[in-house]
Q: 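What follows is a structure written as structure tokens; I'll ask about it next.
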Amino acid sequence: MSTTLFSDVMLPSGDRADVLVSGGRIARIAGPNTLTADTAELVPGAGLLLAPSFVEGHIHLDKTLLGLPFISHLPGDSVGERIEREKQLRRSVTLPVLERGAKLIEQIVPFGTGLVRSHVDIDTEIGLAHLEQLLALRERYARLIDLQIVAFPQSGIVRDPGTADLLDAALSNGANLIGGLDPAGIDGDISGHLDVVFSLAEKHDAGIDIHLHDGGLLGLFELTDIAARTKAAGLGGRVAVSHAFCLGEPLDIGPTLEALAEAGVAIMTNGPGPVPMPPVKRLHAAGVTIFAGSDNIRDAWAPYGNGDMLERAMLIGYRQGLLADADIALTFDMATHHAAHALGVTKYGIAEGQPADLVLISAGSTAEAVATRPARRMVMKAGLVVAAHGVLVGR
């Protein structure tokens with residue numbers, strides 16, 4: 001294990017400090033220009049921002065089309081239509097998930113991402129094939145990232161008989177969480193869909209991450225139902241709902257936010273395009289953990305995205321009109337501490353004894369980092385440099 005001394009760096013808290021890394025962990029934090037270590041590699045900070053590595057809270061490694069020539073977007077007027085368009089494309093793509101997913105992992109690590117939650121399609125057409133390739137990616141890139149895998153029923157559960165058994169098998173074979181998708185909009189059976197999701201979570205002692213696009217009062221009803229089930233099952237802090245567009249609509253969301261906060265249900269947003277978006281500051285003020293993810297990157301759902309969590313934080317802040325430093329800093333937290341909390345990670349952050357999963361950023365504060373999305377000087381995983389100046393080290 002190498003020893004590294006970051007001298008006079010700016011911490012996310014706004015304090016300047018020396019940070020000594022040894023044995024894969026943060027060994028000591030002291031005032032700026034006070035620590036010395038004769039055997040350590042010295043990294044002069046000069047006030048640059050040293051932050052914990054970014055957390056990618058929602059991605060689809062099996063869907064990306066990276067590694068292929070650019071493929072034009074396949075439109076659809078509904079979620080169901082877009083699912084079918086994606087299936088058509090999926091059948092024609094010859095480059096395996098193992099290679100496309102690898103391209104995306106190697107792209108995001110130099111941006112400073114060290115922890116990823118990826119959803120993986122599970123349905124009766126492909127079975128566990130995509131899961132098997134994500135498991136191989138998790139093993140191959142264990143030195144670079146920690147990977148959580150969500151067994152995701154993209155085609156529904158009730159309307160695709162046999163999927164429930166496949167989800168069960170996925171959790172038995174390496175998936176970490178059970179997913180879900182629009183219990184009403186896709187399956188047309190809220191209770192039937194959520195009964196399967198929560199029963200499998202209980203059976204496998206797994207967390208839950210549900211995609212919810214359903215809008216209006218229907219969406220609020222589903223969120224309230226999820227919160228109630230979470231509380232009853234004692235799963236507080238282990239359940240997330242991704243997107244939750246209904247929270248951004250002109251509705252009375254107060255009671256729903258109260259239920260989510262009390263139950264410990266987190267909300268993920270990727271700062272989506274021209275659709276309603278959960279009000280970040282209001283959720284945070286209500287005690288709901290709100291975190292960030294990229295969602296689709298160069299796939300059948302969207303031709304955009306690059307996996308840079310600083311850019312994602314900027315997009316969220318831009319869409320929400322967050323201009324003050326403290327508000328911009330909230331978006332940085334959504335890609336770091338809030339996301340780590342939502343993903344159930346306790347060993348995280350810049351504190352003595354924590355893993356040395358760090359990123360050195362050419363900025364003087366978290367607000368500046370989000371606003372300018374500057375270069376990442378260095379990315380460290382478990383005390384070892386894995387990327388520098390945007391390039392993987394020792395690929």
Q: Nearest 0.5 angstrom please: D214 CG to L217 CG, how far?
A: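 One gets 12.0 Å once the value is rounded to the nearest 0.5 Å.
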
Q: Verify, without hydrogens or angle tests, whether S2 (side chain) and G383 (backbone) share a donor-acceptor contact under 3.5 angstrom.
A: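 A pair under 3.5 Å: yes.
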
Q: Is I350 linked to V55 within one hydrophobic cluster, defined over Ile, Leu, Val, Met, Phe, Trp and Tyr using a side-chain heavy-atom separation of less than 4.5 Å?
A: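 Different clusters.
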
Q: So, does R100 use its side chain to make a donor-acceptor pair with the main chain of L95 at under 3.5 Å?
A: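 At least one qualifying donor-acceptor pair exists.
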
Q: Step by step, would you call R298 with F70 a side-chain contact (heavy atoms from CB on, under 4.5 Å)?
A: CA-CA 8 Å; R298 281 283 308 277; F70 187 80; 3.8 Å; yes

Q: Check the pair I210, L181 against side-chain contact (heavy atoms from CB on, under 4.5 Å), reporting the backbone distance first and the verdict last.
A: CA-CA 6 Å; I210 300 173; L181 172 67; over 6 Å; no

Q: Answer yes or no: is there a side-chain heavy-atom contact under 4.5 Å between T4 and M380?
A: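 The answer is yes; the side chains approach within 4.5 Å.
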
Q: Verify, without hydrogens or angle tests, whether E222 (side chain) and I190 (backbone) share a donor-acceptor contact under 3.5 angstrom.
A: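 The answer is no, because no donor-acceptor pair under 3.5 Å joins these two groups.
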
Q: Starting from the C-alpha separation in whole Å, work towards a yes-or-no answer on side-chain contact (heavy atoms from CB on, under 4.5 Å) for V109 and V386.
A: CA-CA 8 Å; V109 169; V386 295; 4.0 Å; yes

Q: Please list all pairs meeting ring-ring contact (aromatic ring centres under 6.0 Å, His included) that have one or both residues in residues 278-310, counting only residues at least two apart or in different chains.
A: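 Every ring-ring contact (aromatic ring centres under 6.0 Å, His included) pair that includes a residue of residues 278-310, provided the two are not neighbours, is H284-H338.
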
Q: Taking atom CD as the centre, does E258 end up with more than 12 heavy-atom neighbours from other residues, nucleotides or ligands that are less than 6.0 angstrom away?
A: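 No, CD of E258 has 12 or fewer neighbouring heavy atoms, counting only those of other groups under 6.0 Å.
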
Q: Enumerate the residue pairs fulfilling ring-ring contact (aromatic ring centres under 6.0 Å, His included) with a member in residues 27-47, sequence neighbours excluded, ordered by first and then second residue.
A: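 ring-ring contact (aromatic ring centres under 6.0 Å, His included) check on residues 27-47 returns no pairs.
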
Q: For residues L283 and L247, determine if any side-chain heavy atom of one lies less than 4.5 Å from a side-chain heavy atom of the other.
A: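 They are in side-chain contact.
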
Q: At their closest point, which heavy atom of L48 faces which heavy atom of S362, and how far apart are they?
A: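 That would be CD2-CA, 3.8 Å.
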
Q: How about Q320 and P278: do any of their side-chain heavy atoms sit closer than 4.5 Å?
A: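 No, too far: nothing below the 4.5 Å cut-off.
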
Q: Salt bridge check, D123 against R90: does any charged N sit closer than 4.0 Å to a carboxylate O?
A: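 Yes, charged N to carboxylate O under 4.0 Å.
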
Q: For the residue pair P272 and T269, what are the closest heavy atoms and their distance?
A: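 Reported closest heavy-atom pair: CD-OG1, 3.6 Å.
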
Q: Can you list every ring-ring contact (aromatic ring centres under 6.0 Å, His included) pair that touches residues 225-261, not counting sequence neighbours?
A: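 Matches after skipping sequence neighbours: H58-H243, H211-H243, H213-H243, H213-F245, H243-F245.
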
Q: Given 3.5 Å as the limit, does a donor-acceptor pair link the side chain of Y318 with the main chain of G271, or not?
A: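 Such a contact is absent between Y318 side chain and G271 backbone.
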
Q: When rounded to the nearest 0.5 angstrom, what is the spacing between CG in L20 and CG in L35?
A: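 With rounding to 0.5 Å, CG (L20) is 6.0 Å from CG (L35).
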
Q: Does atom NZ of K231 have more than 12 heavy-atom neighbours, drawn from other residues, nucleotides or ligands, at distances under 6.0 Å?
A: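 No, NZ of K231 has 12 or fewer neighbouring heavy atoms, counting only those of other groups under 6.0 Å.
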
Q: Does a side-chain N-to-carboxylate-O contact under 4.0 Å join D146 and R138?
A: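 Answer for the salt bridge query: no.
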
Q: Take R312 and E56, measure what salt bridge (charged side-chain N to carboxylate O under 4.0 Å, His left out) needs, and give me the verdict at the end.
A: CA-CA 10 Å; R312 186 59 48 182; E56 169 59 79; over 6 Å; no

Q: Is it true that a side-chain atom of N296 and a backbone atom of A302 form a donor plus acceptor pair closer than 3.5 Å?
A: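 Not a single qualifying donor-acceptor pair exists.
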
Q: Which atom names give the shortest non-hydrogen contact between A263 and A227, and what distance separates them?
A: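 Looks like CB-O, 3.3 Å.
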
Q: CG/N306 to CZ/R373 distance, rounded to the nearest 0.5 angstrom?
A: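 It comes to 10.0 Å.
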
Q: State whether the side chain of D18 and the backbone N or O of N33 hold a donor-acceptor pair below 3.5 Å, judged by distance alone.
A: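 Yes, the answer is positive, given that a donor and an acceptor are paired below the 3.5 Å cut-off.
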
Q: So do L310 and V370 actually touch side chain to side chain, heavy atoms under 4.5 Å?
A: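 A side-chain contact under 4.5 Å exists here.
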
Q: Evaluate the side-chain proximity of V150 to I178: yes if any heavy-atom separation is below 4.5 Å, no if none is.
A: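 No, their side chains stay 4.5 Å or more apart.
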
Q: Could you please spell out the steps behind the side-chain contact (heavy atoms from CB on, under 4.5 Å) verdict for T113 and S53?
A: CA-CA 5 Å; T113 294; S53 59; over 6 Å; no

Q: Considering residues at least two apart in sequence or located in another chain, which fulfil the ring-ring contact (aromatic ring centres under 6.0 Å, His included) criterion with F332?
A: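 Residues passing ring-ring contact (aromatic ring centres under 6.0 Å, His included) with F332: F54.
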
Q: For a 4.5 angstrom cut-off between non-hydrogen side-chain atoms, does V21 reach T3?
A: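 No. Closest side-chain heavy atoms not under 4.5 Å.
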
Q: Closer than 4.0 angstrom, basic N to acidic O: yes or no for E86 and K63?
A: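 Yes.
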
Q: Side-chain heavy atoms under 4.5 angstrom apart, residues restricted to Ile, Leu, Val, Met, Phe, Trp, Tyr: same cluster for V120 and V97?
A: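 V120 and V97: one cluster.
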
Q: Mind checking ring-ring contact (aromatic ring centres under 6.0 Å, His included) for H130 and listing every partner two or more places apart, or none if nothing turns up?
A: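 Residues passing ring-ring contact (aromatic ring centres under 6.0 Å, His included) with H130: none at all.
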
Q: Please check: side-chain N/O of R377 versus main-chain N/O of H389, any donor-acceptor pairing under 3.5 Å?
A: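 It does not hold such a pair.
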
Q: Distance from I122 atom CD1 to T124 atom OG1, nearest 0.5 Å?
A: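 It comes to 11.5 Å.
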
Q: With sequence neighbours left out, what residues match S172 under side-chain contact (heavy atoms from CB on, under 4.5 Å)?
A: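 Counting only residues at least two positions away or on another chain, S172 forms a side-chain contact (heavy atoms from CB on, under 4.5 Å) with D168, H204.
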
Q: How close do S118 and L61 get, counting heavy atoms only, and between which atoms?
A: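 Shortest heavy-atom contact: OG-N, 3.1 Å.
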
Q: Crowded around E202 CD? As in, over 12 foreign heavy atoms under 6.0 Å?
A: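 Atom CD in E202 is not packed in, count stays at 12 or less.
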
Q: According to a hydrophobic-cluster definition based on side-chain heavy atoms being under 4.5 Å apart (Ile, Leu, Val, Met, Phe, Trp, Tyr only), do V379 and V345 belong together?
A: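 No, it is not one cluster - the side chains of V379 and V345 are not joined through contacts under 4.5 Å.
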
Q: Let me check something: do L104 and L134 share a hydrophobic cluster, defined by ILVMFWY side-chain heavy atoms less than 4.5 Å apart, either directly or through other members?
A: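 They do share one cluster, since a chain of ILVMFWY contacts under 4.5 Å joins L104 to L134.
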
Q: Is it true that a side-chain atom of N270 and a backbone atom of D295 form a donor plus acceptor pair closer than 3.5 Å?
A: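 Not at all, since once roles are kept as given, no pair shorter than 3.5 Å links the two residues.
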
Q: Taking 4.0 angstrom as the limit, do D77 and R82 come out as a salt bridge?
A: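 R82 and D77: not salt-bridged.
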
Q: Measure across T289 and A342 and return the closest heavy-atom pair with its distance rounded to 0.1 Å.
A: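 Of all heavy-atom pairs spanning T289 and A342, the closest is CG2-CB, 4.1 Å.
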
Q: Would you call E106 and K103 a side-chain contact if the rule is heavy atoms closer than 4.5 Å?
A: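 Side chain of E106 against side chain of K103, heavy atoms only: no contact under 4.5 Å found.
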
Q: Within the distance-only criterion (no hydrogens, no angle test), does the side chain of D187 pair as donor or acceptor with the backbone N or O of I157 below 3.5 angstrom?
A: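 Answer holds: yes.
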
Q: Supply the atom-to-atom distance M10 CE to L360 CG, rounded to the nearest 0.5 angstrom.
A: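 Rounded to the nearest 0.5 Å, the CE-CG separation comes to 12.5 Å.
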
Q: Please report the shortest heavy-atom distance between T366 and A329, naming the atom on each side.
A: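 For T366 versus A329, the nearest heavy atoms are OG1-CB, 3.5 Å.
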
Q: Does some side-chain heavy atom of L131 sit less than 4.5 Å from a side-chain heavy atom of I149?
A: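 A side-chain contact exists here, since the closest heavy-atom pair is under 4.5 Å.
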
Q: Is there a path from M314 to I59 through hydrophobic residues (I, L, V, M, F, W, Y) whose side chains come within less than 4.5 Å of each other?
A: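 Per the 4.5 Å side-chain linkage, M314 and I59 are co-clustered.
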
Q: OG1/T331 to CG/L322 distance, rounded to the nearest 0.5 angstrom?
A: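 The CG atom of L322 is 7.0 Å from OG1 of T331, to the nearest 0.5 Å.
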
Q: So, E352 and R28, do they make that salt bridge, N to O below 4.0 Å?
A: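 Between R28 and E352 there is no salt bridge, as every charged N stays at least 4.0 Å from the carboxylate O atoms.
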
Q: Could you check whether D209 pairs with R117 (Lys NZ or Arg NE/NH1/NH2 to Asp/Glu carboxylate O, under 4.0 Å)?
A: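 Yes, this pair counts.
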
Q: Without swapping roles, check the side chain of E41 against the backbone of L5 for a donor-acceptor pair under 3.5 Å.
A: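 Flag not set: sc E41 to bb L5 has no pair under 3.5 Å.
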
